[in-house]
Amino acid sequence: MTMNRRTLNIALAAASLGSLLPASAFAQKKLVLGFAQVGAESEWRTANTESIKSAAKEAGIELKFSDAQQKQENQIKAIRSYIAQKVDVIAFSPVVESGWETVLREAKAAKIPVVLTDRAVNTKDDSLYVTFMGSDFVEEGRKAGRWLTEKMKDQKGDVNIVELQGTVGSAPAIDRKKGFEEIIKADPKFKIIRSQTGDFTRAKGKEVMEAFLKADGKKINVLFAHNDDMAIGAIQAIEEAGMKPAKDIVIISIDGVKGAFEAMIAGKLNVSVECSPLLGPQLMSAVKDIKAGKALPKRIVTEEGIFPMEVAAKEFPNRKY
């Protein structure tokens, strides 16, 4: 009888000890990633979101996702909520470059590592984030500039360019403009006669292009759009003005989304510089490495190409976004 009671006491003690131990002692706790997305302003962004969601699922990472609808205050609110929820890693694609210091310091104080995806931030203290992964936007602008200067090198007289910029203050808008101008300034015949934001959307791209056409019409030789969606909106405006896109006005854009390939196949867009949105697998791999204590490079650059309309039909079946 004593023996039985003793066995019972040991069993009870073990059971109560088990209830005191954290669940992670028995099963590995799922990694939690808080991701604050810019919005859903373009085909590119939709593909980027899809890539992140499916890669998180595949990697067995719990994803807390928020859509900032292109407003910085919404992203800051989301990041603060992730800090309060004590997620393992925070990642975000910043709407604009500046104004992140305070919230990034809060994440650092909470010992939550931060990863920047697709767009950079402008901060004096780069210890506020672990790594920035994504495209080299300046190089994308250079690729667009190189393609144009090569295509029109024999043209006599001025080449008048209108530019549809991305969201004001955003890294891709600043850098793509910088890279493009760096290349074209070598030849004074290339002149940007108008430049305005189209906010990376089709609707705004169309509206701004309509204004450009009203003001300068036949004087415009080239359109440089900071993304495909604005270029597609502008194509509509050019057609409605009775002109032929890609013939009367040479059109260069950036992203390489399916819509751009369709426009190239239809002969309405001359070239699209690739900017891959499929950052999900790369991000999940970084999240796991960070939690495993591995060191990551400060900058992880995506490999990308450039697609003129001549190769669009052949390349189209390979496009994933």
Side-chain angles (χ1 to χ4, degrees), residues 41-43 137-138 140-170 172-257 259-260 262-264 266-273 275 306-309:
E41 73 283 4
S42 60
E43 257 190 80
F137 299 134
V138 178
E140 289 170 356
R142 287 189 196 115
K143 282 177 181 167
R146 285 186 204 112
W147 181 89
L148 175 64
T149 51
E150 178 54 34
K151 180 175 174 68
M152 305 191 96
K153 64 179 181 209
D154 299 327
Q155 180 154 323
K156 303 282 180 275
D158 289 349
V159 175
N160 294 320
I161 305 161
V162 293
E163 179 181 35
L164 282 169
Q165 292 185 48
T167 304
V168 174
S170 71
I174 294 164
D175 291 351
R176 286 169 182 171
K177 182 174 182 61
K178 183 182 167 187
F180 184 74
E181 286 179 355
E182 186 187 301
I183 300 297
I184 65 163
K185 73 177 182 197
D187 185 340
K189 78 176 177 192
F190 292 99
K191 291 179 167 59
I192 296 175
I193 57 168
R194 288 190 186 268
S195 183
Q196 200 178 315
T197 180
D199 220 16
F200 285 131
T201 68
R202 286 189 191 199
K204 199 79 201 291
K206 180 174 190 271
E207 185 190 309
V208 177
M209 191 66 200
E210 282 168 349
F212 287 166
L213 288 162
K214 272 200 187 93
D216 290 303
K218 300 260 190 294
K219 257 173 73 184
I220 303 168
N221 306 117
V222 177
L223 162 65
F224 170 45
H226 287 192
N227 83 337
D228 292 333
D229 278 76
M230 292 189 295
I232 291 163
I235 284 167
Q236 216 181 327
I238 293 164
E239 289 183 316
E240 285 171 11
M243 294 168 83
K244 286 190 167 61
K247 290 182 181 69
D248 297 330
I249 297 175
V250 168
I251 304 172
I252 307 163
S253 69
I254 299 177
D255 276 356
V257 298
E262 286 160 356
M264 286 192 281
K268 296 177 181 185
L269 175 69
N270 299 83
V271 65
S272 184
V273 175
C275 175
I306 177 166
F307 301 99
M309 62 156 61

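All figures in this text were calculated on a predicted structure; none of them were measured in a lab. Computed over heavy atoms, backbone and side chain alike; hydrogens, waters and symmetry mates excluded.
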Quiz item: Quick one: are Ser195 and Lys177 in side-chain contact, heavy atoms under 4.5 Å?
Solution: yes
Quiz item: Which atom names give the shortest non-hydrogen contact between Ala234 and Leu223, and what distance separates them?
Solution: CB-CD2, 3.5 Å
Quiz item: Are Glu210 and Lys214 close enough for a salt bridge, meaning some N to O gap below 4.0 Å?
Solution: no
Quiz item: Just wondering, do Asp187 and Met152 contact through their side chains at under 4.5 Å, heavy atoms?
Solution: no
Quiz item: Do NZ/NE/NH1/NH2 and the carboxylate oxygens of Asp158 and Lys191 come within less than 4.0 Å?
Solution: yes
Practice problem: Over all heavy atoms of both residues, which pair between Ile254 and Gly141 is shortest? Give the atoms and the distance, please. | Solution: CD1-N, 4.4 Å
Practice problem: State whether the number of non-hydrogen atoms from other residues, nucleotides or ligands found under 6.0 Å of Lys189 atom NZ is greater than 12. | Solution: yes
Quiz item: Atom OG in Ser272, atom CG in Asn227: separation rounded to 0.5 Å?
Solution: 9.0 Å
Quiz prompt | Counterpart residues, side chain to side chain contact (heavy atoms under 4.5 Å, CB included), relative to Ile161 (two or more places apart) | solution = Leu148, Val159, Phe180, Ile184, Phe190, Ile192, Val222, Phe224
Quiz prompt | Pairs meeting criterion salt bridge (charged side-chain N to carboxylate O under 4.0 Å, His left out) with involvement of residues 229-238, two or more places apart | solution = Arg202-Asp229
Quiz prompt | CD1-NZ distance between Ile238 and Lys268, expressed to the nearest 0.5 angstrom | solution = 11.0 Å
Quiz prompt | Among His226, Arg176, Arg194, the one residue meeting side chain to side chain donor-acceptor pair (under 3.5 Å) with Glu163 | solution = His226
Self-check item: Heavy-atom pair of closest approach, residues Leu269 and Ala231
Solution: CD1-CB, 4.3 Å
Quiz prompt | Nearest-0.5 Å distance that lies between atom CZ in Phe200 and atom CG in Leu164 | solution = 11.0 Å
Quiz prompt | Exercise: identify the closest heavy-atom pair between Phe212 and Ile220 | solution = O-CD1, 3.7 Å
Quiz item: Are Leu213 and Met243 close enough that some pair of their side-chain heavy atoms sits under 4.5 Å apart?
Solution: yes
Quiz item: What's the verdict on side-chain contact (heavy atoms from CB on, under 4.5 Å) for Trp147 and Val250, showing C-alpha distance, side-chain angles and the deciding distance?
Solution: CA-CA 11 Å; Trp147 181 89; Val250 168; 3.8 Å; yes
Exercise. Over all heavy atoms of both residues, which pair between Ile252 and Ala144 is shortest? Give the atoms and the distance, please.
Key: CG2-CB, 3.7 Å
Practice problem: Identify the heavy atoms of Ala263 and Ile235 that sit nearest to each other, and give their distance. | Solution: CB-CD1, 4.2 Å
Practice problem: For Asp199 and Thr201, indicate whether the former's side chain and the latter's backbone hold a donor-acceptor pair under 3.5 Å. | Solution: no
Self-check item: Residue pair Ile306 / Arg146, side-chain heavy-atom distance below 4.5 Å
Solution: no
Quiz item: Salt-bridged, Glu140 to Lys143, with N to O below 4.0 Å?
Solution: no
Quiz item: Taking the side chain as C-beta and beyond, is there a heavy-atom pair between Asp216 and Asn160 under 4.5 Å?
Solution: no
Practice problem: To the nearest 0.5 angstrom, please state how far the CD atom of Glu239 sits from the NZ atom of Lys244. | Solution: 9.5 Å
